[in-house]
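Worth saying up front: this structure is predicted, and the values here are computed from it rather than measured. Only this structure's heavy atoms are used, side chains among them; waters, hydrogens and symmetry mates stay out.
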Amino acid sequence: ITEFVNLIITDIEMPEMDGLTLTRKIKDTHAFKPVPVILFSSIITDVVRERGMKAGADDQISKPDLPQLTKRAKDLIDAFAAK
């Protein structure tokens with residue numbers, strides 16, 4: 001899958017499945033495990049950050065910080081490619 005997907009960015013609040021559940025499912029799936037996941041949400045608090053870490057998120061960024069999102073996304077892609 002890493003030939004086609006370098007990174008997954010998800011919000012936490014979504015209609016069918018929240019981003020924390022999605023992150024857990026990604027990290028529990030062998031084929032997707034090496035793909036970094038960023039939680040990008042307006043509700044990042046200390047409690048939510050802890051839940052994101054437990055779910056397996058590789059990074060968490062508060063909206064609407066797009067410059068930080070692009071920088072950290074690139075850093076994660078580079079770090080995972082170097083493994």
Side-chain angles (χ1 to χ4, degrees):
I1 192 74
T2 56
E3 292 179 40
F4 304 103
V5 179
N6 295 323
L7 176 79
I8 296 169
I9 300 170
T10 183
D11 199 337
I12 291 175
E13 295 180 314
M14 299 187 297
E16 296 291 321
M17 176 188 306
D18 67 71
L20 297 169
T21 301
L22 175 62
T23 300
R24 275 191 294 279
K25 287 181 178 285
I26 290 167
K27 295 302 180 171
D28 287 344
T29 303
H30 180 72
F32 284 97
K33 194 170 189 117
V35 178
V37 176
I38 295 177
L39 294 174
F40 187 55
S41 179
S42 60
I43 64 165
I44 302 284
T45 64
D46 289 340
V47 171
V48 172
R49 187 171 300 282
E50 179 68 25
R51 290 177 62 204
M53 288 174 46
K54 287 180 181 175
D58 297 287
D59 204 349
Q60 298 175 66
I61 303 166
S62 293
K63 286 181 182 178
D65 197 345
L66 289 175
Q68 194 64 245
L69 176 63
T70 55
K71 180 196 177 313
R72 287 164 58 182
K74 183 181 179 327
D75 291 348
L76 271 175
I77 291 169
D78 292 345
F80 273 70
K83 288 184 180 180

Side-chain contact test, heavy atoms from C-beta onward, threshold under 4.5 Å: evaluate it for [X] versus [Y] and give yes or no.
| X | Y | result |
| --- | --- | --- |
| Ile44 | Ile12 | yes |
| Leu20 | Thr23 | no |
| Met53 | Gln60 | yes |
| Leu22 | Glu16 | no |

Rounded distance [0.5 Å steps], [atom1] in [X] versus [atom2] in [Y]:
| X | Y | atom1 | atom2 | value |
| --- | --- | --- | --- | --- |
| Ile9 | Asp59 | CD1 | CG | 10.0 Å |
| Asp28 | Lys33 | CG | NZ | 6.5 Å |
| Asn6 | Ile77 | CG | CD1 | 5.0 Å |
| Ile38 | Arg72 | CD1 | CZ | 7.5 Å |
| Phe40 | Thr10 | CZ | OG1 | 11.5 Å |
| Arg49 | Leu39 | CZ | CG | 9.5 Å |

Please confirm whether the backbone N or O of Thr21 pairs with a side-chain atom of Asp18, one donor and one acceptor, at under 3.5 Å?
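Side chain of Asp18 to backbone of Thr21, a donor-acceptor pair under 3.5 Å: yes, one is there.
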Under 3.5 Å, side chain of Lys74 to main-chain N/O of Leu69, donor-acceptor pair present?
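Between the backbone of Leu69 and the side chain of Lys74 there is no qualifying donor-acceptor contact (under 3.5 Å).
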Check the surroundings of atom NZ in Lys71: do more than 12 heavy atoms from other residues, nucleotides or ligands lie under 6.0 Å from it?
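Result for NZ/Lys71: open.
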Give a yes or no on this: more than 12 heavy atoms of other residues, nucleotides or ligands lie within 6.0 Å of atom CG of Asp78.
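Buried by this count: over 12 neighbours within 6.0 Å.
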Determine whether Phe32 and Phe4 fall in the same hydrophobic cluster, where Ile, Leu, Val, Met, Phe, Trp and Tyr are linked whenever their side-chain heavy atoms lie under 4.5 Å apart.
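Yes, Phe32 and Phe4 fall within the same hydrophobic cluster.
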Are Val35 and Met17 connected in the hydrophobic side-chain network, where two residues link if heavy atoms are under 4.5 Å apart?
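Same cluster: Val35 reaches Met17 through Ile, Leu, Val, Met, Phe, Trp or Tyr contacts under 4.5 Å.
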Show the nearest heavy-atom pair for residues Asp58 and Phe80, with the distance to one decimal.
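Heavy atoms only, the tightest pair is OD1-CZ, 3.4 Å.
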